[in-house]
Amino acid sequence: MAQREVQQELSVDQYTLGLVGPDQEWAGTVADGGTIETYTPPGCWGPMITPEFRGGHEVTRPIRVENAEVGDAVALTIRDVEVTSLATSTGSMRERTEAFGDDPFVDHRCPDCGTKWPESIVEGTGEEAIRCAECGANASSFGFEYGYTVVFDEDHTVGITVDEDAAHDLAEDATELMDIPENSRQHPILLYAPSEMPGTLGRLRPFIGNVGTTPSVELPDSHNAGDFGQFLLETDHDWGLENEAELEARTDGHMDIPEVRAGATLICPVKVDGAGVYVGDLHANQGDGELSLHTTDVSGTVRMDVEVIKGLEIDGPLLLPNEEDLPFISKPYSDDELETGRELAEEHSVDLLDEMGPIQVVGTGATINDATENAFDRAGKLLGMSEGEVRSRCTFTGGVQIGRLPGVVQLDMLAPMDVLEDRGISHLVREQYNGLE
């Protein structure tokens, strides 16, 4: 089927080899107002230990969106995220410096024969299992500093960590248990069979760690963010950047924000004609901050609706999370609160600004402080406000949350609905929060 033939519903099960950018092969074209369904392999650990990859994730090929042009935005309303893996392994990482050049996620090379991005084979299980197909050396760039293996219940509501014997048994059937898709090219991390902290129970709430639109230059998919993108500066590999200004081409798809889950709406910048929506890096759960730098990577399916917002001219994502995920002071006002507010306003002879809507502006940078400054800049541009007003509104009706260390944040605020209407997104806010009035 021709890539430019517009489809009302588009299903995608083809992936890149760790890159996002305008030169990647398109998966097809979805209608403005249409629906995308993806079947994605795990992100992070699988691609990280597979030396053929040029980035730390395995995301879908980009999807062209009808009518989307540079300067527009694309709203992705996430209808469903379903985990299909039955188990996974994760933990904090240890780098094998002999197996990469400048960047362990990107610049892979065999430590013995020197082949760059070598083809690899699997021999047995454990951290010695990933071998260079050319010379047989351990070619993986990563091992575990502290690692554990998790199995899920049938309904994916909880997971429990297992001991050494169970982890080894799971590793013997790693591809099937992780449900690695047919077109995926990664080795399953379950092969490593880590087994620390056995018997620990965790709640599951799946979300999408890397989702958004294509940057205007080719980047490793895991580095399409202001914090991980710092690793590209002054490097000698093919995706090295000379300075911070070149990183402005990013679209911040790699957020690792747990609130990017079923029921949320994500509004993404368009930096190439057609937008190039992509999806990857599903997680079964994660605490705020992703303090190990990694969490429970899983295969799964995503279904989301697509809408083009003309001329919004945003530089990074906006998030409209589920109402239950909003901080207390950022939730829409109840009828009782509004009535009390009107009485208080009348008593003090002031006009009540009663039409306010929750938004979260995503900011990224080298550190949490840099990411917050980035979010201030983005919010000020979006809303036509000074930094002082943005800071004040976020302090009085919002705040800042940490998506990922070292530098991804969500800047919360209740924004005036008339301003959001002028920007063409008030209808999304009203729909997200049950016809907000």
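When all heavy atoms of Asp273 and Trp26 are compared, the closest pair comes out as O-CH2, 3.8 Å. Shown here for Pro42 and Ile180, the closest heavy-atom pair between the two residues is CD-CD1, 3.7 Å.
In terms of the salt bridge (charged side-chain N to carboxylate O under 4.0 Å, His left out) criterion, residue partners of Arg96 (sequence neighbours excluded) are, by chain and number, Glu98.
Judged by distance alone, the side chains of Gln432 and His427 never bring a donor and an acceptor atom under 3.5 Å apart. A donor atom on one side chain and an acceptor atom on the other are found under 3.5 Å apart for Ser120 and Glu52. Checking Asn285 against Thr296 by side-chain atom types alone, a donor-acceptor pair falls below 3.5 Å. Between the side chains of Asp370 and Thr367, a donor-acceptor pair is found at a separation under 3.5 Å. No hydrogens or angles considered: a donor-acceptor pair under 3.5 Å links the side chains of Ser92 and Glu145. Looking at Asp179 and Thr84, their side chains do bring a donor and an acceptor atom within 3.5 Å of each other. Looking only at atom types and distance, the side chain of Thr364 has a donor-acceptor partner in the side chain of Asp252 under 3.5 Å away. Side chains of Gln230 and Glu244: a donor-acceptor N/O pair is present below 3.5 angstrom, by distance only. A donor and an acceptor atom, one from each side chain of Thr251 and Asn224, are located under 3.5 Å apart. Checked by atom type, the side-chain pair Thr77/Thr265 shows a donor-acceptor distance below 3.5 Å. Side-chain contact, Glu172 with His168: a donor N or O sits under 3.5 Å from an acceptor N or O. Judged purely by distance below 3.5 Å, without hydrogens or angles, the side chains of Gln401 and Asp412 pair a donor atom with an acceptor atom.
Counting only heavy atoms from C-beta outward, the side chains of Asp80 and Val302 never approach each other to under 4.5 Å. Side-chain contact between Glu182 and Asp13 is absent, with no heavy atoms from C-beta onward closer than 4.5 Å. The shortest side-chain heavy-atom distance between Tyr148 and Pro194 does not fall under the 4.5 Å cut-off. At a threshold of 4.5 Å between non-hydrogen side-chain atoms, the residues Val151 and Leu86 do not count as touching. With contacts defined as side-chain heavy-atom distances shorter than 4.5 Å, the pair Leu411/Phe376 qualifies. Thr35 places none of its side-chain heavy atoms less than 4.5 Å from the side chain of Val306. For the pair Leu414/Phe396, no side-chain contact is recorded, criterion being any heavy-atom separation below 4.5 Å from C-beta on. The shortest side-chain heavy-atom distance between Tyr15 and Val59 does not fall under the 4.5 Å cut-off.
In this structure, Trp45 and Phe142 have perpendicular ring planes: the angle between them is above 60°, well past the 30° mark. The aromatic rings of Phe105 and His223 sit perpendicular, their planes meeting at an angle over 60°, well past the 30° parallel limit.
The closest donor-acceptor contact from the side chain of Thr372 to the backbone of Ile368 lies under 3.5 Å. Distance alone, capped at 3.5 Å, is enough to place a donor-acceptor pair between the His108 side chain and the Pro104 backbone. A distance-only check finds a donor-acceptor pair linking the side chain of Arg378 to the backbone of Val362 [under 3.5 Å]. Side chain of Trp239 to main chain of Leu19: no donor-acceptor pair is present (N/O by atom type, distance under 3.5 Å, no hydrogens or angles). Asp173 places no side-chain N or O within 3.5 Å of a backbone atom of Leu177 that could act as its donor or acceptor partner. Although no hydrogens or angles enter the test, the distance criterion places a donor-acceptor pair under 3.5 Å between the side chain of Thr161 and the main chain of Thr200. With hydrogens and angles disregarded, a donor-acceptor distance shorter than 3.5 Å links the side chain of Asp221 to the backbone of His57. A donor-acceptor pair is defined here as one N or O able to donate and one able to accept, closer than 3.5 Å; such a pair exists between the side chain of Ser334 and the backbone of Glu337. Listed for the Thr213 side chain is a donor-acceptor partner under 3.5 Å among the backbone atoms of Pro269. In this structure, the side chain of Glu58 engages the main chain of Arg185 through a donor-acceptor pair within 3.5 Å.
Screening Leu76, Leu319, Val81 for a side chain to side chain contact (heavy atoms under 4.5 Å, CB included) involving Val260 leaves a single residue, Leu319. Put simply, the residue from Thr38, Asn210, Thr60 that forms a side chain to side chain donor-acceptor pair (under 3.5 Å) with Tyr278 is Asn210.
At a threshold of 4.0 Å, the pair Asp256-Arg404 counts as salt-bridged, since one of the basic side-chain nitrogens sits closer than that to a carboxylate oxygen. Glu373 has a carboxylate O that lies under 4.0 Å from a charged side-chain N of Arg391, or vice versa, which qualifies the two as a salt bridge. Using a 4.0 Å cut-off between a side-chain N of Lys or Arg and a carboxylate O of Asp or Glu, Asp315 and Lys271 qualify as a salt bridge. A salt bridge links Asp107 and Lys116; the closest N-O separation between the charged side-chain nitrogens and carboxylate oxygens is under 4.0 Å. For the pair Asp325 and Arg261, the salt-bridge criterion is met [side-chain N within less than 4.0 Å of a carboxylate O].
Annotation: cation-pi pair Arg54/Trp117 present, NZ/CZ under 6.0 Å from the ring centroid and within 45° of its normal.
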Report task. Determine, stepwise, if the pair Arg423 / Glu313 fulfils salt bridge (Lys or Arg N to Asp or Glu O under 4.0 Å). Result -> CA-CA 9 Å; Arg423 299 313 316 273; Glu313 294 187 342; 5.6 Å; no
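Applying the ring-ring contact (aromatic ring centres under 6.0 Å, His included) test to residues at least two apart or on different chains, none of the pairs has a partner in residues 255-277.
For Phe207 and His283, the distance between ring centers is under 6.0 angstrom.
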